[in-house]
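Everything below concerns the one structure shown next.
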Amino acid sequence: MSELYIRVAEDENEEPMEIPSEDDGTVLLSSVSAQFPGACGLRYRNPESQCMRGVRLVEGVLHAPESSWGNLVYVVNYPKDNKRKMEEIDAASAVKIKRGFQKTSDLIVLGLPWKTTEQDLKDYFSTFGEVIMVQVKRDAKTGNSKGFGFVRFADYETQTKVIAQRHMIDGRWCDCKLPNSKASPDEPMRSRKIFVGRCTEDMTTDDLRQYFMQYGEVTDVFIPKPFRAFAFVTFADDQVAQALCGEDLIIKGVSVHISNAEPKHNNSRQMMDRGRFGAGGFSQGYGSNRGGLSRLFLLVHYDMDLFFLSLPLVKSAKLLLIYVKIIYTCHHK
DNA sequence: GTTGAGCGTT
């Protein structure tokens with residue numbers, strides 16, 4: 001129709017951006033949200049009443065007020081939960097900044113030639129970034145290299161780059177990895193899991209997942225039942241979890257507090273988080289298969305809850321693990 | 001004096 005573009009702004013006082021309209025004079029919400037991510041509609045100040053007025057929205061199509069869009073500046077609407085959009089973006093970038101400042105860890109260097117010295121290591125790795133420590137592990141008596149060492153970089157980005165590739169050092173291919181000591185078998189999830197305190201009962205696992213997604217990939221959300229005013233959220237990246245610790249975040253209008261998830265001992269929950277299902281995951285197990293009784297009873301300790309389960313005859317440990325996985329899945333969705 | 005998947009004497 002008349003206008004090719006309408007003027008849209010984040011706020012009345014912000015500089016407007018021109019958004020293209022369609023041939024029939026309508027504007028697609030997707031056109032708006034392409035420039036204003038998360039937008040769910042438009043409003044404008046009615047020149048006569050001086051009141052804000054909503055723009056008609058039907059199935060993703062925004063319709064001009066009266067007959068034309070005129071020369072008004074339209075203001076973006078965000079979902080109520082996203083009212084604090086700017087603050088959330090700030091929080092997200094704060095996490096990124098924090099992540100940039102995250103301290104590096106020693107990396108183990110595997111496969112070193114016997115002859116490689118610490119100076120050799122330093123010379124090689126300095127081509128990636130500032131090296132702040134190198135070690136070649138040697139036999140105490142003979143002084144011979146054990147064929148592996150450690151390196152520490154000043155920069156987290158350097159560390160990431162170095163881990164991602166193989167390294168030709170003095171004629172041998174070597175690998176750099178996070179040492180196992182960084183993910184000790186006793187407390188492997190401490191760094192990837194956060195404790196969310198002051199939760200309210202209306203917060204669902206989906207709510208939490210949706211909210212925490214903005215910081216990074218969420219691999220698990222756990223809300224104890226019955227309601228106990230806290231939850232656990234596990235991220236794929238431990239750096240994200242670490243960065244959030246200590247923060248007060250607003251979820252559904254409620255201030256929740258983020259802290260480190262207290263590492264627990266070898267309970268079933270952690271065994272499962274690790275993808276290491278096993279009999280050790282049960283705090284107790286009772287088998288009953290006497291006198292034709294072909295059922296197995298299990299008392300499963302799952303986080304702080306106990307589940308008493310009755311299973312069909314379990315013929316093998318392998319089958320038992322399959323059952324456990326099913327149970328685990330059921331308690332997760 | 002050897003070796004080749006792994007995990008760090010202080």
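Sequence lines set the chain letters: A, B, ... in the order given, protein chains first and strands last, and positions in each chain run from 1. Keep in mind that what you see is a predicted model, and the values were worked out from it rather than measured.
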Could A/Arg7 and A/Glu18 be called an ion pair, given the rule that one side-chain N must be under 4.0 Å from one carboxylate O? no
Is the phosphate of B/dG4, meaning OP1 or OP2, less than 4.0 Å from a side-chain N or O of A/Lys146?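 No, because none of the side-chain N or O atoms of A/Lys146 sits under 4.0 Å from OP1 or OP2 of B/dG4.
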Are any of A/Lys137's side-chain N or O atoms less than 4.0 Å away from OP1 or OP2 of B/dT9? yes
Starting at [atom1] of [X] and ending at [atom2] of [N], how long is that distance when rounded to a whole Å?
X	N	atom1	atom2	result
A/Lys115	B/dT3	NZ	P	15 Å
A/Phe150	B/dT9	CZ	P	7 Å
A/Leu112	B/dG6	CG	P	16 Å
A/Asn144	B/dT3	CG	P	12 Å
A/Leu110	B/dC7	CG	P	8 Å
A/Arg138	B/dG8	CZ	P	17 Å
A/Ile108	B/dA5	CD1	C1'	11 Å
A/Asp175	B/dG4	CG	P	17 Å

Side-chain donor-acceptor pair present, A/Gln159, A/Lys161, cut-off under 3.5 Å: no
A/Trp114 side chain, from C-beta outward: closest of B/dG4, B/dG8, B/dT9: B/dG4
Closest approach to the side chain of A/Lys177, judged atom by atom: which nucleotide of B/dT3, B/dC7, B/dG6 is it?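 The closest nucleotide is B/dC7.
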Decide side-chain contact (heavy atoms from CB on, under 4.5 Å) for A/Met17 and A/Phe36; before the verdict, give the C-alpha distance in whole Å, the side-chain angles of both, and the deciding distance to 0.1 Å. CA-CA 10 Å; A/Met17 177 177 289; A/Phe36 302 93; 4.3 Å; yes
Do A/Met133 and A/Phe125 share a hydrophobic cluster (ILVMFWY, side-chain heavy atoms under 4.5 Å, transitive)? no
Ignoring hydrogens and geometry beyond distance, is the side chain of A/Asn180 in donor-acceptor contact with the base of B/dG6 at under 3.5 Å? no
Is the A/Phe195 to A/Phe230 ring centre distance short of 6.0 Å? yes
Toward the 5' end of DNA chain B, which comes first, A/Gln135 or A/Thr142, by nearest nucleotide?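 The residue mapped nearer the 5' terminus is A/Thr142.
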Could you check A/Pro113 against A/Met133 and say which one's nearest nucleotide on DNA chain B is further toward the 5' end? A/Pro113
Could you check whether A/Phe148 and the base of B/dA5 form a stacked pair, meaning centres closer than 5.5 Å and planes differing by less than 30°?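 It does not: the ring fails the test against the base of B/dA5.
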